[in-house]
Amino acid sequence: RGTSGIVIAAKPAEALRVMNQKIRDREIHKSYLCVTCGHVRPREGHIQNYILRHENEHRVSVHDHPVPGARTAVTQYRVINETPELSLVECDLITGRTHQLRAQFAHMGHPLLGDSKYGTNDMNRKYHRKSQALCSYKLRFDFTTDAGSLAYLNGRTFTVPRVEFMSLFDS
């Protein structure tokens, strides 16, 4: 629905099994780019809070302290560019929770541009955004255990060359 980015696929069953295990073992690292409303401060940091899923509403809530049923959510982020109203942020998920980036930045007071669920419709209208400014743009293979037929990927990084919403930051 409007978001683009890197997709991981494997055709032979054995390669898919190895890829899934590498993801579980955190030997594959995905980085994301997103645009937030406002200026994220500090410009670089670590977000850690607790995300509680609300299945019937198809959304999550973020809590600063543990609550029953909530799971820890951790994100590393770095602001890489700004306009007077927006921040371009690179994020690495340490955990991978449902709606993690969307909910965490909204909780900080900096919802993602184009996010109708957690964001601000005024900003979405102003920038003509109907989809979230969020993209999985970099994939790094960092195998520490045997990868079998996928060993040739070890140490490689794949990057989306141009993410559509980065044009908001062209001077």
Side-chain angles (χ1 to χ4, degrees), residues 1-36 44-63 66-81 88-107 111-119 129-167:
R1 198 178 95 194
T3 48
S4 59
I6 294 174
V7 176
I8 301 172
K11 190 166 182 179
E14 177 60 17
L16 180 60
R17 186 193 64 72
V18 171
M19 188 71 72
N20 286 334
Q21 187 61 50
K22 295 300 179 193
I23 291 168
R24 278 191 297 279
D25 293 344
R26 300 187 185 276
E27 295 180 31
I28 298 174
H29 306 283
K30 280 196 328 185
S31 295
Y32 294 81
L33 284 177
C34 64
V35 177
T36 65
E44 190 167 332
H46 176 92
I47 306 166
Q48 181 169 334
N49 41 38
Y50 303 88
I51 290 183
L52 180 63
R53 288 179 74 163
H54 304 283
E55 293 295 335
N56 346 346
E57 302 169 32
H58 303 290
R59 64 183 297 128
V60 302
S61 56
V62 178
H63 303 270
V67 298
R71 297 177 71 191
T72 303
V74 183
T75 300
Q76 285 290 136
Y77 73 89
R78 179 174 65 93
V79 174
I80 55 178
N81 205 342
L88 178 63
V89 184
E90 180 182 53
C91 303
D92 290 312
L93 297 177
I94 309 305
T95 58
R97 308 291 179 228
T98 300
H99 299 183
Q100 181 171 323
L101 293 174
R102 299 167 65 189
Q104 284 184 318
F105 280 105
H107 183 71
L112 301 191
L113 184 63
D115 189 347
S116 60
K117 188 171 292 226
Y118 301 101
R129 293 295 307 194
K130 293 186 189 319
S131 62
Q132 307 151 29
L134 173 64
C135 177
S136 160
Y137 87 108
K138 190 189 301 182
L139 186 64
R140 187 178 84 246
F141 295 89
D142 193 17
F143 301 149
T144 56
T145 58
D146 180 44
S149 63
L150 300 180
Y152 72 97
L153 292 170
N154 196 25
R156 297 199 57 195
T157 299
F158 298 89
T159 306
V160 173
R162 182 78 179 150
V163 176
E164 162 270 322
F165 53 75
M166 289 180 71
S167 62

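Treat the numbers as computed from the prediction; the structure is a model and nothing was measured.
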Cation-pi check, K22 to F143: give yes when NZ or CZ is under 6.0 Å from the six-membered ring centre and within 45° of the ring axis, no otherwise.
-> yes

To the nearest 0.5 Å, tell me how far L33 CG sits from T159 OG1.
-> 9.5 Å

With sequence neighbours left out, what residues match E14 under side chain to side chain contact (heavy atoms under 4.5 Å, CB included)?
-> R17, V18

Any residue meeting side-chain hydrogen bond (donor to acceptor under 3.5 Å, both in side chains) with H54, in chain and number order, not counting sequence neighbours = S61

State which residues pass side-chain hydrogen bond (donor to acceptor under 3.5 Å, both in side chains) with Q76; sequence neighbours excluded, sorted by chain then number.
-> H46

Within a strict 4.5 Å, meaning less than it, do heavy atoms of the I51 and T98 side chains meet?
-> no

Is there a donor-acceptor pair closer than 3.5 Å between any side-chain N or O of Y118 and the backbone N or O of V60?
-> yes

Enter the distance from T145:OG1 to D25:CG here, rounded to the nearest 0.5 Å.
-> 5.5 Å

N81: what forms a side chain to side chain contact (heavy atoms under 4.5 Å, CB included) with it, not counting sequence neighbours?
-> L88, F169

Closest non-hydrogen contact found for L52 with A70 is CD1-N, 3.7 Å

With sequence neighbours left out, what residues match Y32 under ring-ring contact (aromatic ring centres under 6.0 Å, His included)?
-> none

Spell out, as yes or no, whether a donor-acceptor pair under 3.5 Å connects the side chain of E27 to the backbone of T144.
-> yes

Would you confirm whether Q104, through its side chain, and A73, through its main-chain N or O, come within 3.5 Å as a donor-acceptor pair?
-> yes

From the list R97, Q100, Q48, side chain to side chain contact (heavy atoms under 4.5 Å, CB included) with T75 holds only for Q100

Could you tell me which residues satisfy ring-ring contact (aromatic ring centres under 6.0 Å, His included) with Y50, sequence neighbours excluded, listed by chain and number?
-> none

Got L153 and F158 here, is their nearest side-chain heavy-atom distance under 4.5 Å?
-> yes

